[in-house]
Undergrad: 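Before we start, here is the structure in question, set down as structure tokens.
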Amino acid sequence: MSRYQDRKERFPLAWIVPGVLLFLWQVSASLGWLPATILPAPSAVLAAGWALTLDGTLPANLGVSTLRALAGLVIGGGIGFGLGLLTGLSRISERLLDPTLQMVRNVPHLALIPMVIIWFGIEEEARLFLVALGVFFPIYLNTLHGIRNVDPQLIEMGRVYGMSPRRLFRRVILPGALPAILVGLRYALGIMWLTLIVAETIAAKSGIGHMAMAAREFMRTDVVVLSILIYALLGKLADSATKALERRFLRWNPAYRR
Amino acid sequence: MSKHKGAALTLSQVSKRFGETDVLHGVDLSIEPGSFVAIIGKSGCGKSTLLRVILGLEPASTGHVSSDSDAAHARLVFQEPRLLPWASVAANVAVGLGERGDGPEGVAAAREALADVGLAAKADDWPSTLSGGQRQRVALARALVSHPTLLALDEPLGALDALTRIEMQSLLENVWQAQGFTALLVTHDVGEAVALADRVLLIDAGRVALDQPIDLPRPRRRGDAAFAALEGAILERLLDAPASAEAR
């Protein structure tokens, strides 16, 4: 128990290793052991970040990438959630749709990139399509799984206590499925960024991935590393957002209460 | 607390089959309004099925169940508390009110029902913070909040420890005496049946094998000679009954 109680005291301990690594990286870059063409110094990356923020390139690309990611998430996640509800609540829909969807799931969505470029070129639709397809499956699968795993005793209780189907869904099935749905969302957010990195790196005229590829042409490794770090940061941010959602909506669950 | 009338029930030639298996064979029964009836029997004797047929959760295969008024309003307490873990204790009790439970009156009624089971202070807590006995008391409050005329209990105390169980029995007796509903208690505990019921029905192989009135004065004491004699006689009768082959 006490290991958890002194969480605050342990906290700085976790920062020692990354701190030392960062320090070694900076020192080796400054002393010239590490050529800037291989790996630029952390200070150079920070400087690049500052310069690109000032000239507006970074905020513009960050905005474009975030918008793409969220639009893809809303479209693909929305369809996945809707179909997950449909197949979760109706056996006929499940038998009709689920086998096909499970089959399509085995196609790696990134393998479709050549087809997607043929269909959409390198326009916005291509990236939206890929992101939407990527986030669709984790949300679909976990929504279906969550609904199927709602305690049948609670559903029976709801029926015996006279709940209408609508009320049963709102009061019992949806809250019961929510933990699984949020797990799906967390997976989806990871896939969302990953898909966007690939899509923007291969075929885009803007966005963080495009910024990194353009910088590569001029050997601007500082900008490339900056782009990578920003992707990492965005991923962490998305993860923290889901954790916050879990703490908000799963307060009732002792496992999420802190 | 207002006194509510209990429902009277009449079962005539009620039978229930599941596929090839006969679970109930022509049960005839009439239950007095406001009485406390315990239904005992071995596992698989059909006692839970009888309860579910009476409540209308399972249709009878033949025969019918009738109640004295259309207004008869039944509630069931399960063996498990079956509380919604994502709803507060008060919101769980308000489930018993249906759509009416959503407004402020629903919350007030839920709090009142919680006070009746001695859990007023827990109204805003999550069910996961309660003990097993407290959860079952919340389930009882959820059943009582709508003032049923018939309260059916399907082995509601089976999962509780011995001490909590005795506390729950006296709580159950108190709310029954205060509210006047008809109580149908399915239990496998003969002592519990004798402690609470006006009448003990022993079900064996889908039939009423024994219909034993219990007219001991309340509150009943388990150490009592008359209590022990009745308990012993019923237990003996229960053990003598040939094991029924049918599944529940």
Side-chain angles (χ1 to χ4, degrees), chain A residues 1 4-5 81 84-85 88-89 142-186 242-258, chain B residues 48 51-58 72-102 106 110 113 124-130 135-136 138-146 148 150-156 159:
Chain A
M1 274 320 272
Y4 295 95
Q5 282 162 2
F81 181 63
L85 288 183
L89 295 172
N142 283 285
T143 303
L144 171 60
H145 172 81
I147 290 179
R148 276 297 139 79
N149 282 284
V150 175
D151 184 354
Q153 290 194 333
L154 289 182
I155 295 177
E156 191 198 19
M157 183 281 295
R159 293 219 172 97
V160 169
Y161 275 75
M163 286 188 188
S164 62
R166 196 190 147 90
R167 197 173 169 77
L168 191 68
F169 174 74
R170 229 165 38 81
R171 300 292 301 272
V172 182
I173 296 174
L174 190 60
L178 203 57
I181 296 173
L182 288 177
V183 167
L185 180 65
R186 221 153 137 182
T242 348
K243 271 193 185 147
L245 282 179
E246 282 176 347
R247 270 201 298 275
R248 166 73 185 76
F249 287 110
L250 309 180
R251 278 174 302 172
W252 52 270
N253 190 330
Y256 294 97
R257 213 176 294 137
R258 243 148 255 177
Chain B
S48 281
L51 196 70
R52 299 180 87 81
V53 168
I54 290 174
L55 289 173
L57 301 176
E58 300 273 0
H73 167 58
R75 280 298 188 215
L76 172 62
V77 177
F78 302 92
Q79 178 166 8
E80 317 77 19
R82 302 199 188 186
L83 304 179
L84 302 175
W86 42 83
S88 70
V89 164
N92 264 289
V93 174
V95 164
L97 293 167
E99 311 270 339
R100 287 183 296 131
D102 294 342
D124 299 317
D125 292 2
W126 299 114
S128 60
T129 63
L130 304 183
R135 285 178 205 179
Q136 201 55 305
V138 175
L140 182 63
R142 177 179 64 193
L144 294 176
V145 70
S146 58
L150 172 65
L151 182 70
L153 305 111
D154 192 358
E155 303 192 22

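Chain naming here is simple, since letters A, B, ... match the order of the sequence lines and numbering starts at 1 in each. Not measured: the values here are computed from a predicted model.
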Undergrad: Can you tell me if B:Arg82 uses its side chain to pair, donor with acceptor, with the backbone of A:Leu154 under 3.5 Å?
TA: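 No.
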Undergrad: Which atom pair, heavy atoms only, marks the closest approach of B:Trp86 to A:Val172?
TA: CZ2-O, 3.1 Å
Undergrad: I need the minimum non-hydrogen distance between A:Arg171 and B:Asp102, along with the two atoms involved.
TA: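 That would be NH1-OD1, 3.8 Å.
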Undergrad: I need the single residue from B:Leu83, B:Leu76, B:Asn92, B:Val95 that forms a side-chain contact (heavy atoms from CB on, under 4.5 Å) with A:Met157. Which is it?
TA: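 Answer after filtering B:Leu83, B:Leu76, B:Asn92, B:Val95: B:Val95.
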Undergrad: So which of B:Pro127, B:Ala91, B:Ala143, B:Ser146 has the largest heavy-atom pair count under 4.5 angstrom toward chain A?
TA: B:Ala143
Undergrad: What is the distance from atom CZ of A:Arg251 to atom OG of B:Ser88, rounded to the nearest 0.5 Å?
TA: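 Those atoms lie 10.0 Å apart.
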Undergrad: What part of B:Glu99 is in contact with chain A, defined as an atom under 4.5 angstrom from a non-hydrogen atom: side chain, backbone, both or neither?
TA: both
Undergrad: Checking A:Arg159 against chain B: side chain, backbone, both or neither under 4.5 Å from a heavy atom?
TA: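 Contact with chain B is absent: no heavy atom of A:Arg159 under 4.5 Å.
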Undergrad: Any heavy-atom pair between the side chains of A:Asp151 and B:Pro85 that's under 4.5 Å?
TA: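 They are not in side-chain contact.
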Undergrad: To the nearest 0.5 Å, what is the distance between CZ (B:Arg142) and OH (A:Tyr161)?
TA: 5.0 Å
Undergrad: Please flag which part of A:Met163 lies under 4.5 Å from any non-hydrogen atom of chain B: side chain, backbone, both or neither.
TA: side chain
Undergrad: Search all heavy atoms of B:Gly98 against all heavy atoms of A:Arg167 and return the closest pair with its distance.
TA: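 Scanning both residues, the minimum pair turns out to be O-NH2, 3.1 Å.
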Undergrad: So which atom in B:Phe78 and which in A:Glu156 form the shortest heavy-atom distance, rounded to 0.1 Å?
TA: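 So the minimum-distance heavy-atom pair works out to CE2-OE1, 3.9 Å.
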